[in-house]
Q: 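The structure follows.
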Amino acid sequence: MGFSKTAAVALAATLGATPVLADLVFPDLSYRTGPFAAGGVPFSDGYQDYFTLLNERDGGIGGVMTRIVECETGYNTEKGVECYEATKGESPLVYQPLSTGITYQLIPKVTADKIPMHTMGYGRTSAANGEIFEWVFNYPGTYWDAASIMVKHALDVEGSLDGKTIALLYHNSAYGKEPIRTLEELSEKHGFELTTLPVDSPGQEQKSQWLQIRREKPDYVFFWGWGVMNSTAVQEAANIRYPMDKFIGVWWSGAEPDVLPVGEGAHGYKSVNFTGVGTDFPIFDDLQTYVVDAGKAAGDGSNLGQVQYNRGMFAAMLAAEAVKTAQEIHGVAEIDASMMRDGMEALSVDAATMEALGLPGFAPEVNVTCSNHSGPGMALVQQWDAEAQQWNAITDYIASDREVIQPLIDADAEAFASENGIEPRDCG
């Protein structure tokens, strides 16, 4: 749903000569330190820079300025909860914890406090069920979508997976364990054998797992890593000469810091992704002019166009569009958290909107409803070109197998509702 400058002026005019409005507050539970900073820093930079762009170029959203409240979590769950408690008094509109562990701890808190939480492509997959998880959203897709898309890509390459072997190498945490149930179901459907290989955090020690991979020679290795664990895995794969085109990472395991340290050895490595990469989108001209060149960037400006920077920018764009939707629904510019939730649940970002925002073809269209908080569940497969030092999309956007996934979502969500005494909403 677009929101033009003319509409913003008209909305502001309806408010009359009101005092200066309070800022629209967006907490940034960042991690610029620790073993996961390689992903946390560019994501946070992209998230903050987009809101800065809206302030500097557009005067905020609907005439109201935005404000970032940053709190360093170090990707530590306990610290993430402390950051939530320390910032929720700022009247935040939405939390984006960028951690599955933190997400699990915050679900009951945001539900009680009635503050929406957006766990974009991570967190608890069954939060896709909006009838039970009223305040949690995970559009444009979930870990279970990612697992299904990786299987679909392997199917496209092989023709059949019957009798094939797939090893899941994963961060031994709530994050890494998320896709296991889905892959087990898909192994029954498609006839492949699944092996699971946990790696303890932070993930720098993987020798034994890769020795097993070298010994058993699985047809594919699917990878659920993060931070320093990613480049370590890509290096280990290169060391044993595992075929890189059969090594596929989830969207949190396919960014520049994951492959650049490995040099030529990373060539051909694949990952899924739900956004475009690079700076070949009109919005980057504005980011350069209004943010980087103006000395207002969250970082040094060197991360623009990188996978995680673009993903952080995308998360901010979706939040801003939800604000615009909420402003339209409620007829006020100064929205609160409950209004923001309404905007997120009615969010519709189509191709025309993305083009108007300077992001043509940047991502699949996103449509959220009362019952579907995960959106389209689509992603493409990208492959690393070590010589050009860039990611190239090698597929169109692929839809996940929701026939397999939706029953798993509903069963897990219903179990959560039963355990926590939640009466599901009627979404009609």
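If you read the sequence from its start, that first residue is 1, and numbering goes on from there.
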Q: Could you grab the distance from atom CD1 of I132 to atom CD of E414, nearest 0.5 Å is fine?
A: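 Taking CD1 in I132 and CD in E414, the distance rounds to 5.5 Å.
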Q: For the residue pair N392 and Q382, confirm or rule out a side-chain donor-acceptor distance under 3.5 Å.
A: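 No, no side-chain donor-acceptor contact under 3.5 Å.
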Q: Less than 4.0 angstrom from a charged side-chain N to a carboxylate O is my criterion; do K88 and D113 meet it?
A: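 Result for this pair is yes, salt bridge flagged.
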Q: Inspect the contact between R67 and E90 and indicate whether a charged nitrogen and a carboxylate oxygen are less than 4.0 angstrom apart.
A: yes
Q: Can any side-chain N or O of T232 pair as donor or acceptor with the backbone N or O of V228 at less than 3.5 Å?
A: yes
Q: Is there a side chain to side chain donor-acceptor pair (under 3.5 Å) between R402 and S374 once you walk through the steps?
A: CA-CA 11 Å; R402 287 282 173 94; S374 67; 3.3 Å; yes
Q: Minimum heavy-atom separation for G123 to T100, with atom names?
A: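 Shortest heavy-atom contact: N-OG1, 3.1 Å.
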Q: Under 3.5 Å, is there a donor on one side chain and an acceptor on the other for N310 and Q308?
A: no
Q: Is there a side-chain contact (heavy atoms from CB on, under 4.5 Å) between D162 and H190? Walk through the geometry before answering.
A: CA-CA 6 Å; D162 191 33; H190 297 293; over 6 Å; no
Q: Can any side-chain N or O of E321 pair as donor or acceptor with the backbone N or O of V349 at less than 3.5 Å?
A: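 No; zero donor-acceptor contacts below 3.5 Å.
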Q: Once you round to the nearest 0.5 Å, how far does CG of L260 lie from CD of Q306?
A: 7.5 Å
Q: Any sub-3.5 Å donor-acceptor pair from E72's side-chain atoms to R32's backbone N or O?
A: yes
Q: Within the side chain of N129, is there an N or O that forms a donor-acceptor pair under 3.5 Å with the backbone of E131?
A: yes
Q: Tell me whether the rings of W210 and Y242 are parallel (<30°), tilted (30 to 60°) or perpendicular (>60°).
A: perpendicular
Q: Among T196, L183, V272, L194, which residue meets the side chain to side chain contact (heavy atoms under 4.5 Å, CB included) test with F222?
A: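 It is L183, the one option of T196, L183, V272, L194 that forms the side chain to side chain contact (heavy atoms under 4.5 Å, CB included) with F222.
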Q: Looking only at side chains, do S44 and D28 share a donor and an acceptor under 3.5 Å apart?
A: yes
Q: Report yes or no: do S30 and E70 form a side-chain donor-acceptor pair below 3.5 Å?
A: yes
Q: Looking at R181 and E185, is any side-chain nitrogen of the basic one under 4.0 Å from a carboxylate oxygen of the acidic one?
A: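 A salt bridge is present here (some side-chain N lies under 4.0 Å from a carboxylate O).
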Q: Show, in sequence, the C-alpha distance, side-chain angles and deciding distance for Q383 and D245, and conclude whether the side chain to side chain donor-acceptor pair (under 3.5 Å) test is met.
A: CA-CA 8 Å; Q383 189 167 33; D245 61 341; 5.7 Å; no
Q: When you check the side-chain N and O atoms of D342 and H330, is any donor under 3.5 Å from an acceptor?
A: yes
Q: Checking M344 against L318 for the side-chain contact (heavy atoms from CB on, under 4.5 Å) test, could you report, in this order, the C-alpha distance in whole Å, the side-chain angles of both residues, the deciding distance, and whether it holds?
A: CA-CA 8 Å; M344 293 173 71; L318 292 173; over 6 Å; no
Q: Taking the side chain as every heavy atom from C-beta outward, state whether V199 and L197 have any atom pair closer than 4.5 Å.
A: no
Q: Have a look at H118 and tell me which of F137, F133, Y95, Y139 forms a ring pair (Phe, Tyr, Trp, His ring centres under 6.0 Å) with it.
A: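 Result: among F137, F133, Y95, Y139, Y139 is the only option passing the ring pair (Phe, Tyr, Trp, His ring centres under 6.0 Å) with H118.
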Q: Minimum heavy-atom separation for I149 and I398, please, with both atom names.
A: CD1-O, 3.4 Å
Q: Do S253 side-chain atoms and G225 backbone N/O form a donor-acceptor pair below 3.5 Å?
A: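 Looks like yes, one N/O pair under 3.5 Å.
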Q: If you look at every heavy atom in P116 and M340, which pair is closest and at what distance?
A: CG-CG, 4.1 Å
Q: May I have the step-by-step check of side-chain contact (heavy atoms from CB on, under 4.5 Å) for R311 and W251, ending in yes or no?
A: CA-CA 10 Å; R311 195 167 292 155; W251 39 61; 3.6 Å; yes
Q: Which value, rounded to the nearest 0.5 Å, describes the distance between W224 atom CH2 and K177 atom NZ?
A: 15.5 Å
Q: Using modelled atom types and a 3.5 Å cut-off, is there a donor and acceptor pairing between side-chain atoms of E365 and backbone atoms of A351?
A: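 Yes, E365 side chain to A351 backbone: donor-acceptor pair under 3.5 Å.
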Q: Provide the closest heavy-atom pair for P27 versus Y47 in the form atom of the first, atom of the second, distance.
A: O-CE2, 3.9 Å
Q: Is there side-chain contact between F314 and Y50, with heavy atoms separated by less than 4.5 Å?
A: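 Result no, sub-4.5 Å side-chain heavy-atom pair not found.
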Q: Do you know the tightest heavy-atom contact between N372 and V368?
A: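 Where N372 meets V368 most closely, the heavy atoms are O-CG1, 3.4 Å.
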Q: Are D401 and L186 close enough that some pair of their side-chain heavy atoms sits under 4.5 Å apart?
A: yes
Q: So F284 and Y309, would you call those rings parallel, tilted or perpendicular, with 30° and 60° as cut-offs?
A: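 Rings of F284 and Y309: tilted, as their planes differ by 30° to 60°.
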Q: Given T103, which of T119, L98, N138 fulfils the side chain to side chain contact (heavy atoms under 4.5 Å, CB included) condition?
A: T119
Q: Got a salt bridge between K109 and E82, using NZ or NE/NH1/NH2 to carboxylate O under 4.0 Å?
A: no
Q: Is the centre of the W226 ring less than 6.0 Å from the centre of the Y175 ring?
A: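 Not under 6.0 Å, so no.
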Q: Answer yes or no: is there a side-chain heavy-atom contact under 4.5 Å between V69 and F26?
A: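 No. Closest side-chain heavy atoms not under 4.5 Å.
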Q: Quick one: NE2 on H373 to CD1 on I409, what's the gap to the nearest 0.5 Å?
A: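 These two atoms lie 12.0 Å from each other.
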Q: Kindly determine whether E345 and R341 satisfy salt bridge (charged side-chain N to carboxylate O under 4.0 Å, His left out), including the steps that lead there.
A: CA-CA 6 Å; E345 196 164 82; R341 196 216 69 84; 2.8 Å; yes
Q: State plainly whether the residues E158 and K164 are in salt-bridge range, i.e. N to O under 4.0 Å.
A: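 Salt bridge flag = yes for K164 with E158.
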Q: Determine, stepwise, if the pair D286 / R57 fulfils salt bridge (charged side-chain N to carboxylate O under 4.0 Å, His left out).
A: CA-CA 8 Å; D286 284 354; R57 186 192 63 190; 2.8 Å; yes
Q: Check whether the side chains of N55 and T52 place a donor and an acceptor atom closer than 3.5 Å, and report yes or no.
A: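 N55 vs T52: no donor-acceptor pair found between side chains.
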Q: Counting C-beta onward and ignoring hydrogens, is there a side-chain heavy-atom pair between P360 and F281 closer than 4.5 Å?
A: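 With C-beta onward as the side chain, the pair touches.
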Q: For E78, does the CD atom sit with more than 12 other heavy atoms under 6.0 Å from it, leaving out its own atoms?
A: no
Q: Starting at OH of Y143, measure out to OG1 of T125 and round the result to the nearest 0.5 Å.
A: 8.0 Å
Q: Would you call R214-E236 a salt bridge at under 4.0 Å N-O?
A: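 Judged by the 4.0 Å cut-off on N to carboxylate O distance, R214 and E236 do not form a salt bridge.
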Q: With rounding to the nearest 0.5 Å, note down the distance linking CG in L106 to CH2 in W135.
A: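 These two atoms lie 15.0 Å from each other.
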Q: Is it the case that the side chains of D336 and S338 hold a donor-acceptor pair, with the cut-off being a distance below 3.5 Å and no angle test?
A: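 Distance-only check passes for S338 and D336.
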Q: Check whether any side-chain N or O of D49 sits under 3.5 Å from a backbone N or O of L287 as a donor-acceptor pair, and report yes or no.
A: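 No, the answer is negative, given that no donor and acceptor are paired below the 3.5 Å cut-off.
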Q: So which atom in F36 and which in H171 form the shortest heavy-atom distance, rounded to 0.1 Å?
A: CZ-NE2, 3.7 Å
Q: Taking the side chain as C-beta and beyond, is there a heavy-atom pair between I61 and T66 under 4.5 Å?
A: yes
Q: With the side chain counted from C-beta on, respond yes when V234 and N230 share a heavy-atom pair under 4.5 Å apart, and no when they do not.
A: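 V234 does not reach N230 side chain to side chain.
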Q: Between D219 and K246, does any side-chain N to carboxylate O distance fall below 4.0 Å?
A: no
Q: Side chains of T111 and E134: does their closest heavy-atom pair fall under 4.5 Å?
A: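 Not in contact.
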Q: Anything under 30° is parallel, anything over 60° is perpendicular, the rest tilted; go ahead and classify F223 against F247.
A: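 Rings of F223 and F247: tilted, 30 to 60°.
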